[in-house]
Amino acid sequence: MSFSFENTFDYAREQDRTDILHTYRERFLFPQHNEKDVHYFCGNSLGLQPRSVSYLMNKELEDWGKYGVEGHFLARNPWFSYHHLFSERLARIVGAQPDEVVAMNTLTVNLHLLLLSFYRPANGRYKILMEAGAFPSDQYAMETQVRMYGYDPNDAIIEIAPRAGAYTIEEDDVVAAIEEHKDTLAVVIMGGVNYYTGQVFDMERITAAAHAAGAYAGFDLAHAVGNIPLKLHDWHVDFACWCSYKYLNSGPGGVGGAFVHEQHGNNPELFRLAGWWGNDEKNRFKMQKGFVPQNGAASWQMSNAPVFNMVAHNASLDIFEKAGLDVLRQKSLKLTAYLEYLLRQVTHLSFTIITPEDPNKRGCQLSLLFAERGREIFDILTEKGIVADWREPDVIRIAPVPLYNTFEDCYTFYKILSEIK
Ligand SMILES: *Cc1c(COP(=O)(O)O)cnc(C)c1O
């Protein structure tokens with residue numbers, strides 16, 4: 001795909017005028033700066049609040065007030081089956097069957113729960129392969145998982161780093177390392193999109209390589225879900241987890257999600273830690289002895305659904321449904337390409353875009369690595385009403401998200417940056 005862009009305010013305005021998603025912006029609440037909406041480029045960190053959340057939250061409060069315990073069955077969205085509200089919509093977003101996904105817990109908790117099923121060292125297989133410089137929570141999770149079984153993280157965790165002088169990781173290196181460790185490898189677990197560089201990994205290829213080596217493949221989709229096209233089922237990914245407060249706009253600490261491929265989800269022999277909510281639903285309230293997992297990812301649930309923590313998720317997934325994933329991706333490709341085009345006109349500041357140039361290798365985020373003055377420039381941007389994200393020691397991440405960012409946002413960002421002395 002190629003675009004012929006112009007770096008003028010009028011051009012940006014015109015793109016917004018003809019953007020079929022332009023009105024979606026009105027469905028969100030924007031923080032204010034000098035009594036105007038900020039230019040919000042932080043949807044990769046915390047998505048904005050859908051306006052419908054307070055109304056929907058009130059509905060749940062009313063039902064609790066009106067029905068008390070009977071709300072499990074009588075509430076407008078009965079709490080007994082509340083998590084079912086999300087299956088179809090989440091399945092579309094991650095490319096899965098409805099039974100393969102569940103909204104539950106939070107990301108790191110889900111990562112641990114899934115590793116308890118898919119990382120079970122045996123027969124000399126005890127290693128975990130991951131990207132170097134993964135998000136700290138993921139690093140801590142792997143470190144403590146291998147320690148739990150008595151292994152030394154320095155031996156049991158294989159980290160794949162970018163080659164000397166590069167910022168992104170070569171998939172050939174990932175595949176080569178998988179082959180090299182094929183007799184000792186238990187699990188490959190990577191980000192779908194690296195949180196720092198914005199690099200998208202070829203999940204299908206990595207999964208195939210892991211399977212050829214006799215290992216499982218799992219993905220942390222924190223920065224992928226709601227951002228790039230996913231086909232977890234067709235790619236034969238074994239398991240995945242994500243949070244919902246980034247691109248999915250479901251609020252701080254909002255409910256996370258998990259995917260378990262049906263070949264595992266429907267296998268009652270696969271070990272999982274159990275609670276009553278994962279049990280066969282017909283017998284949930286019979287209080288019987290002996291865990292009988294229901295089919296699918298939902299059997300990893302332990303506790304009853306945190307209804308109030310799911311309201312924003314419900315609101316946001318409705319917006320995704322209305323907008324349509326293909327339409328969102330089309331706009332995202334153009335919007336990020338426009339921002340990239342504008343940034344390339346800024347030659348007086350010393351930064352490098354470390355996100356891949358290939359649109360298939362990135363979502364909406366661009367990461368700018370500053371050789372100098374990074375923090376100072378970030379502070380100037382903030383003063384001018386730009387909300388971006390600072391990552392120590394020298395990176396500014398900006399994510400124009402197709403649901404609520406505009407071409408004008410990108411142009412304004414460029415204008416402010418280009419005017420920094
Ligand atoms: C945001 C993010 C997390 C956060 O984990 P929580 O358990 O939701 O606090 C973890 N891993 C990655 C890769 C992330 O981007």
Side-chain angles (χ1 to χ4, degrees), residues 41-48 86 90 93-94 101-116 118-119 128-145 157 159-162 167-169 174 187-201 203 206 217-228 230 232 237 239-259 300-303 306 309-310 312-313 316 354-355 362-367 387-392 395-399 401:
F41 289 103
C42 239
N44 57 343
S45 195
L46 189 84
L48 292 177
F86 306 100
L90 278 179
I93 288 176
V94 300
V101 296
V102 62
M104 63 177 188
N105 310 315
T106 42
L107 194 166
T108 311
V109 172
N110 288 338
L111 183 57
H112 276 298
L113 293 180
L114 291 167
L115 284 169
L116 285 170
F118 291 95
Y119 178 62
I128 298 179
L129 186 142
M130 66 189 292
E131 78 230 67
F135 194 87
S137 201
D138 301 53
Q139 294 187 40
Y140 305 150
M142 306 310 160
E143 178 191 326
T144 51
Q145 283 281 334
I157 298 176
E159 290 191 334
I160 311 302
Y167 301 106
T168 51
I169 294 171
V174 177
V187 186
V188 175
I189 175 137
M190 316 249 311
V193 177
N194 180 274
Y195 83 99
Y196 190 68
T197 62
Q199 176 182 11
V200 171
F201 291 108
M203 290 171 253
I206 292 170
F219 293 91
D220 178 333
L221 302 178
H223 283 263
V225 69
N227 180 24
I228 59 164
L230 296 166
L232 300 184
V237 166
F239 66 98
C241 52
W242 55 89
C243 52
S244 67
Y245 48 79
K246 293 172 179 164
Y247 295 107
L248 292 186
N249 312 312
S250 304
V255 69
F259 164 90
W300 270 260
Q301 291 174 109
M302 292 185 178
S303 302
N309 200 16
M310 291 173 148
H313 201 36
S316 177
I354 60 173
T355 306
R362 70 185 185 201
C364 63
Q365 171 185 328
L366 294 179
S367 301
V387 180
D389 175 84
W390 174 251
R391 287 289 128 164
E392 290 293 345
V395 164
I396 296 177
R397 300 185 307 171
I398 26 177
V401 309

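Because only heavy atoms are used, hydrogens play no part in the values below, and waters and symmetry mates are left out as well, while side chains stay in. Atoms within each ligand, like the ligands themselves, are counted from 1 in listed order. Note that the structure is a prediction, hence the values are computed from the model and not measured. Starting from 1, each residue takes its place in the sequence as its number.
- For Glu159, the salt bridge (Lys or Arg N to Asp or Glu O under 4.0 Å) test picks out no residue, with sequence neighbours left out.
- Note on ring orientation: taking the six-membered ring where Trp is involved, the planes of Phe135 and Tyr195 are perpendicular (angle over 60°, cut-offs 30° and 60°).
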In a table with atom names and distances, give each donor-acceptor pair under 3.5 Å that connects a side chain of residues 41-48 to protein atoms at least two apart or in another chain.
unit_1: Asn44; atom_1: ND2; unit_2: Gln365; atom_2: OE1; d: 3.2

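- In this structure Ser244 satisfies the side-chain hydrogen bond (donor to acceptor under 3.5 Å, both in side chains) test with no other residue, sequence neighbours excluded.
- One distance of note links CG of Leu114 with CD1 of Ile189; it measures 8.0 Å at 0.5 Å rounding.
- Within 4.0 Å of ligand 1, counting heavy atoms only, the contacting residues are Leu107, Thr108, Phe135, Asp138, Asp220, Ala222, His223, Cys243, Tyr245, Lys246.
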Steps toward side-chain contact (heavy atoms from CB on, under 4.5 Å) verdict (Val109, Met302):
CA-CA 11 Å; Val109 172; Met302 292 185 178; over 6 Å; no
